[in-house]
Amino acid sequence: MEETGGASAYGASLAGGGFDFYKFIRQPQTIVRLLSWVFALVVFACITTEGYINPIDSAKAKCIFNDNDAACHYAVGIGVIAFLACVGFLVLDVYLPFMSNAQERKYAVIADLGFSGVWTFLWFVCFCLLASQWSQTRDITGVLMDAARATVAFSFFSIATWGILAYFALGRFRRGVNEVAIPTYTEPPPDLHTPYPPTYAPTSYNPTTYTPTTYTAYPSNVPDMHQQPPFTSNLQPQGDTGYMPPSY
């Protein structure tokens, strides 16, 4: 599937972007692949349904292309495989945006490129073979001319469509990863030639000697300012000095 904008990898949007069916249908690659599918269907359908006739002098059916059964078998084989391959690559085109691994996308694009290139050549051989055998056909009694001409014509059209598919696949392969810059961490290899850094010895620890504080006794010759005066029992009242306590 071709992407014209935004970050993409091998012609498909990055994983997690979702799938847009209508956008997928409008892609040029999808349209050409559907045409290739239709052309392959027409080729092998025309031969399998109307490509054989029963001559008057023989009970065995003969190929309408100069009675050459190999030509009909070749066209049917190429058409059937191309028909199935178109279905498979359409499914792959749908699944491609969901591939999170760029390496898997690369393999898918290479497979598309290789198959499309090979089938372009095989369709060319098929067209040349059918056109040559049809030009040499002399007895056209009972032959449906339209079926024979359609087979030759759609073989030629298939050369163009599969060639375009190969061109699209080549463009996606060359584009590779487009506008994607995802940093990845790679651990550097160990350097065996660089010496290890010197070992730093810990600084010497000199503990400080703790000297306890010496407290001196409170001097006894200092008068205590807060000491109460001694108790005396012979205090005289300061009022009436002539009062004498009674004696019992």
Side-chain angles (χ1 to χ4, degrees), residues 1-4 8-13 19-52 63-65 70-99 104-134 144 146-176:
M1 179 167 44
E2 299 294 331
E3 293 289 339
T4 57
S8 61
Y10 289 98
S13 59
F19 175 73
D20 189 349
F21 176 76
Y22 295 101
K23 186 177 180 180
F24 173 76
I25 291 297
R26 294 192 299 268
Q27 294 294 335
Q29 182 175 348
T30 304
I31 296 174
V32 177
R33 204 179 294 280
L34 289 174
L35 290 176
S36 300
W37 178 78
V38 173
F39 295 164
L41 176 63
V42 171
V43 169
F44 79 80
C46 288
I47 295 179
T48 54
T49 57
E50 300 175 353
Y52 292 89
C63 178
I64 61 176
F65 294 95
C72 289
H73 293 163
Y74 180 83
V76 170
I78 295 298
V80 171
I81 296 176
F83 176 85
L84 298 176
C86 286
V87 176
F89 281 111
L90 279 174
V91 175
L92 185 62
D93 290 340
V94 173
Y95 180 67
L96 192 65
F98 298 97
M99 293 183 181
E104 294 179 358
R105 295 190 179 194
K106 179 181 178 181
Y107 293 150
V109 173
I110 291 177
D112 187 11
L113 174 60
F115 189 90
S116 299
V118 171
W119 244 246
T120 300
F121 172 75
L122 294 181
W123 275 120
F124 175 76
V125 174
C126 181
F127 166 73
C128 294
L129 177 61
L130 294 179
S132 175
Q133 294 300 311
W134 178 246
L144 296 176
D146 293 338
R149 293 192 181 107
T151 303
V152 176
F154 282 99
S155 297
F156 176 77
F157 296 154
S158 295
I159 299 173
T161 55
W162 282 95
I164 295 173
L165 289 175
Y167 173 77
F168 285 157
L170 180 61
R172 292 199 299 178
F173 178 75
R174 286 180 175 178
R175 207 160 39 245

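Nothing here was measured: the structure is a model prediction, and the numbers come from that model. Index from 1, following the sequence.
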Task: Sub-6.0 Å ring centroid separation between Phe115 and Trp119 - done: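 Yes - the distance between ring centres of Phe115 and Trp119 falls below the 6.0 Å cut-off.
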Working to the nearest 0.5 angstrom, can you tell me the gap between [X] [atom1] and [Y] [atom2]?
X: Leu129; Y: Leu122; atom1: CG; atom2: CG; value: 12.0 Å
X: Ser158; Y: Ile78; atom1: OG; atom2: CD1; value: 10.5 Å
X: Phe83; Y: Phe44; atom1: CZ; atom2: CZ; value: 5.5 Å
X: Gln133; Y: Cys72; atom1: CD; atom2: SG; value: 9.0 Å
X: Thr30; Y: Phe168; atom1: OG1; atom2: CZ; value: 9.5 Å
X: Tyr95; Y: Glu104; atom1: OH; atom2: CD; value: 6.5 Å

TODO: Apply side-chain contact (heavy atoms from CB on, under 4.5 Å) to Phe173 and Lys106, showing your working.
DONE: CA-CA 7 Å; Phe173 178 75; Lys106 179 181 178 181; 4.1 Å; yes
Open item on the list: If you count heavy atoms of other groups shown closer than 6.0 angstrom to OH of Tyr74, is the number above 12?
Closed with: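 Yes, OH of Tyr74 has more than 12 neighbouring heavy atoms, counting only those of other groups under 6.0 Å.
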TODO: Verify the neighbour count for atom OH of Tyr52: are there more than 12 heavy atoms of other residues, nucleotides or ligands below 6.0 Å?
DONE: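 Yes, because the 6.0 Å sphere around OH of Tyr52 holds more than 12 heavy atoms from other groups.
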Could you tell me whether a side-chain N or O of [X] sits under 3.5 Å from a main-chain N or O of [Y], the two making a donor and an acceptor?
X: Ser36; Y: Val32; answer: yes
X: Thr161; Y: Leu35; answer: no
X: Arg172; Y: Leu113; answer: no

Does any non-hydrogen side-chain atom of [Y] lie less than 4.5 Å from one of [X]?
X: Trp123; Y: Val43; result: yes
X: Val94; Y: Phe24; result: yes
X: Thr120; Y: Phe124; result: no

Task: Those residues that, when tested against Cys46, pass disulfide bond (SG atoms under 2.5 Å apart) (two or more places apart) - done: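 By the disulfide bond (SG atoms under 2.5 Å apart) rule, Cys46 matches no residue at all.
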- [ ] Could you give me the CA-CA distance, side-chain angles and deciding distance for Phe127 and Val152, then say whether side-chain contact (heavy atoms from CB on, under 4.5 Å) is met?
- [x] CA-CA 6 Å; Phe127 166 73; Val152 176; 3.7 Å; yes
Task: Worked check of ring-ring contact (aromatic ring centres under 6.0 Å, His included) between Phe154 and Phe157 - done: CA-CA 5 Å; Phe154 282 99; Phe157 296 154; 5.5 Å; yes
Which heavy-atom pair separates [X] from [Y] by the least distance, and what is that distance?
X: Pro97; Y: Asp93; result: CD-O, 3.3 Å
X: Ala40; Y: Ala82; result: CB-CB, 3.9 Å
X: Ala71; Y: Leu130; result: O-CD2, 3.9 Å
X: Leu165; Y: Ser116; result: CB-OG, 3.8 Å

- [ ] Please test Trp162 against Cys86 for side-chain contact (heavy atoms from CB on, under 4.5 Å), starting from the C-alpha separation and ending with a verdict.
- [x] CA-CA 10 Å; Trp162 282 95; Cys86 286; 3.5 Å; yes
- [ ] Applying side-chain contact (heavy atoms from CB on, under 4.5 Å), run through Asp112 and Gln29 and close with a yes or a no.
- [x] CA-CA 11 Å; Asp112 187 11; Gln29 182 175 348; 3.3 Å; yes
